[in-house]
Amino acid sequence: MAVTEPLNETQVIANLGQTTDPSAQYYAAWWLGKMRSRHPKAIPLLLQTLKALEQQPVDPERRGVALNAIRALGKLKSPMALTPLCELLNSTDYSVREEAARSLGKLQDPAAVEGIRRLLQSGISDAGGEQSGSALLREPCEALIEALGDIGLSSAETLDTILPFVQHPRPLIRAAACRALLQLTGESSWGIQLTEMLNHPEALVRRGALLDLGATGWTSAGPAISAAAVEPSLKLVALRGLAEQSEDPEVLKAMDALI
Amino acid sequence: MAKADLTAAVARLEQATSTPELVQATRSLASLRDPDAAETLIKVLGFNNPAVASVASEGLIRLGRSIVPRLLVSMDARNYGARAWVVKVLATLHDPRGLDLLEHALKADIAPSVRRAATRGLAELEVNEEDTDSIRRCCESLLLAGRDDEWVVRYAAAFGLEQRLRNTTVPDSMVHQALTLLGQLASSSESVKVVRLRAQLALQLLNAP
């Protein structure tokens with residue numbers, strides 16, 4: 001068993017509500033998401049912590065709490081988080097835009113599509129270009145593209161926005177684009193392209209492609225996932241994605257073999 | 001002489017740097033089927049390279065139960081990836097001497113991958129039908145795994161309880177507890193869908209109501 005003592009939800013809620021100890025708030029925000037808390041105060045308190053992002057300058061500790069709160073709001077899938085998270089897509093802070101996009105992908109509300117698409121519309125050389133003096137791209141393209149795929153609302157505009165990123169110089173961005181296009185169109189050619197990335201010489205790319213395939217639920221990827229040169233624990237995460245979407249007992253058999 | 005082959009294979013492994021070279025060198029070392037290669041193969045499990053570790057673990061499994069005593073003293077406290085592979089090899093060999101280590105790994109290891117592999121080991125460990133104490137310990141550990149915080153360990157517990165109930169004569173009280181736990185894992189009180197799916201499959205295969 002894990003070593004952590006079970007924490008009391010009431011205590012966690014109190015920790016998030018106070019403001020003198022940001023590290024207790026940080027942990028509380030994480031905890032509520034991890035435990036899928038249904039406490040009536042959880043969502044309002046998590047939303048409250050986002051206010052710290054509006055201050056100038058932003059307090060770095062309270063920014064950390066807010067980033068954890070954004071992640072938790074995604075996990076809790078509360079509709080109340082939709083508008084605040086969409087507003088955060090306009091933040092000047094790259095990480096805030098990135099986490100907001102990821103959580104909007106989890107909320108799966110089509111109302112978020114336009115705001116996400118707008119950040120990608122300038123294409124691979126602008127949104128997908130590198131920031132000067134940094135390894136970051138100008139926009140958090142991977143998170144944005146994956147969110148469009150996870151929300152699952154297919155339209156000509158969305159497909160046209162994602163398509164150029166299949167040619168992006170970075171393999172993880174290409175993988176995100178293939179993943180989203182597979183989710184949105186169901187066309188196996190995108191799955192085949194992702195499967196080929198399981199042979200990439202870099203372990204990071206293989207892991208990314210593996211998790212992307214799992215997220216699509218495309219069961220044809222099962223044997224390639226099982227055979228990939230990646231840690232068994234990640235293969236199990238990917239196969240879980242296939243199993244939960246397809247409910248195919250063959251996928252469970254493949255998981256049993258990896259335990 | 002075989003020992004010259006072993007020395008040469010170990011040297012090749014030490015010189016290898018890229019993953020394809022490491023895989024190749026590990027494969028030739030494993031192909032010697034020499035129990036004295038076990039120590040080096042176990043070391044390879046700690047390289048944090050799944051392609052290489054997978055070849056080494058297959059090689060260790062082929063060496064069979066003679067390597068169990070060495071495996072029992074090979075848990076690296078600082079490398080959970082390596083521990084997961086050692087436990088996996090031990091689990092696959094089904095050797096009853098692994099019971100203490102597997103039981104302890106499931107109870108105390110901080111890494112879910114280690115607890116997961118230990119759960120499988122406890123599900124498939126070879127136990128004599130008369131050895132009711134070992135059967136009870138395996139079952140109690142599997143019941144503990146079913147209440148783990150990590151979904152993958154609970155998944156392994158659903159698989160493991162099914163294996164135990166199908167392949168071992170388990171005391172009635174344990175059967176009852178196992179089926180109750182599988183029922184919980186199959187119900188909406190379990191938050192992870194794939195765990196529910198696996199527990200439902202287990203109940204179906206056990207012909208339980």
Side-chain angles (χ1 to χ4, degrees), chain A residues 1-7 30-31 33-38 75-77 198-207 209-210 214-215 217 219 222 225-259, chain B residues 18-20 23 48-55 57 80-81 84-85 87-88 91-92 106-121 123-124 144-145 147-153 155-160 162-163 191-202 204-205:
Chain A
M1 296 291 277
V3 287
T4 45
E5 282 293 312
L7 250 170
W30 171 84
W31 191 97
K34 164 90 178 160
M35 296 302 173
R36 306 292 189 276
S37 169
R38 301 215 165 261
K75 288 192 174 137
L76 299 179
K77 298 189 183 199
L198 294 177
N199 298 318
H200 197 279
E202 281 175 56
L204 192 68
V205 175
R206 295 197 300 273
R207 292 186 189 118
L210 188 95
T219 48
I225 290 174
S226 291
V230 173
E231 295 81 354
S233 47
L234 280 186
K235 294 184 191 181
L236 284 163
V237 172
L239 290 173
R240 172 187 170 183
L242 298 192
E244 293 192 343
Q245 290 181 56
S246 68
E247 303 194 8
D248 182 345
E250 285 303 310
V251 182
L252 298 179
K253 216 183 272 177
M255 289 180 71
D256 290 353
L258 286 167
I259 296 170
Chain B
S18 69
T19 294
V23 167
N48 191 24
N49 184 326
V52 185
S54 145
V55 174
S57 70
Y80 67 83
W85 284 108
V87 169
K88 188 182 172 76
T92 310
L106 174 62
K107 251 186 224 140
D109 207 289
I110 55 161
S113 54
V114 176
R115 301 201 299 279
R116 176 198 84 218
T119 303
R120 189 199 192 98
E124 295 181 333
L144 186 68
R147 291 186 289 268
D148 198 279
D149 286 345
E150 289 293 331
W151 71 270
V152 77
V153 184
Y155 182 98
F159 164 86
E162 177 206 317
Q163 298 303 309
S191 62
V192 174
K193 182 174 173 183
V194 77
V195 176
R196 295 199 299 271
L197 292 172
R198 189 62 189 83
Q200 285 159 12
L201 181 66
Q204 189 189 323
L205 293 170

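Worth knowing before you read on, the calculation uses all heavy atoms, side chains too, and leaves out hydrogens, waters and symmetry mates. Naming: A, B, ... by sequence-line order, numbering from 1 per chain.
Chosen from B/Val23, B/Val195, B/Val194, the residue pairing most often with chain A at heavy-atom distances under 4.5 Å is B/Val194.
The structure places CG of B/Leu201 at 9.5 Å from NZ of A/Lys253, a figure rounded to the nearest 0.5 Å. Here OG of B/Ser113 is found 10.0 Å from CG of A/Leu234. Values are rounded to the nearest 0.5 Å. Rounded to the nearest 0.5 Å, atoms NZ (B/Lys193) and CD (A/Glu247) are 3.5 Å apart. Rounding to the nearest 0.5 angstrom, the gap separating the OG atom in B/Ser54 from the CD atom in A/Glu231 is 11.5 Å.
Counting all heavy atoms, side chain and backbone alike, B/Lys88 lies closest to A/Leu258 at NZ-O, 3.9 Å. Of all heavy-atom pairs between A/Ala229 and B/Pro50, the closest is O-CG, 3.9 Å. Nearest heavy-atom pair across A/Ala243 and B/Leu197 is O-CD1, 3.6 Å.
For a residue to count as touching a neighbouring chain, one of its non-hydrogen atoms must lie under 4.5 Å from one of that chain's; by this rule A/Val251 does not touch chain B. Contact of A/Leu239 with chain B is not made at all, since no heavy-atom distance falls under 4.5 Å. When heavy atoms are compared at a cutoff of 4.5 Å, A/Lys34 approaches chain B solely by way of its side chain, counted from C-beta outward.
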### Task
Before giving the answer on salt bridge (charged side-chain N to carboxylate O under 4.0 Å, His left out), spell out for A/Asp256 and B/Arg120 the whole-Å C-alpha distance, their side-chain angles and the decisive distance to 0.1 Å.
CA-CA 9 Å; A/Asp256 290 353; B/Arg120 189 199 192 98; over 6 Å; no

### Message
Using side-chain contact (heavy atoms from CB on, under 4.5 Å), reason through B/Tyr155 and A/Leu236 one step at a time and then give a plain yes or no.
### Response
CA-CA 10 Å; B/Tyr155 182 98; A/Leu236 284 163; 5.5 Å; no

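Considering only heavy atoms from C-beta on, B/Val192 comes within 4.5 Å of A/Arg240 through its side chain.
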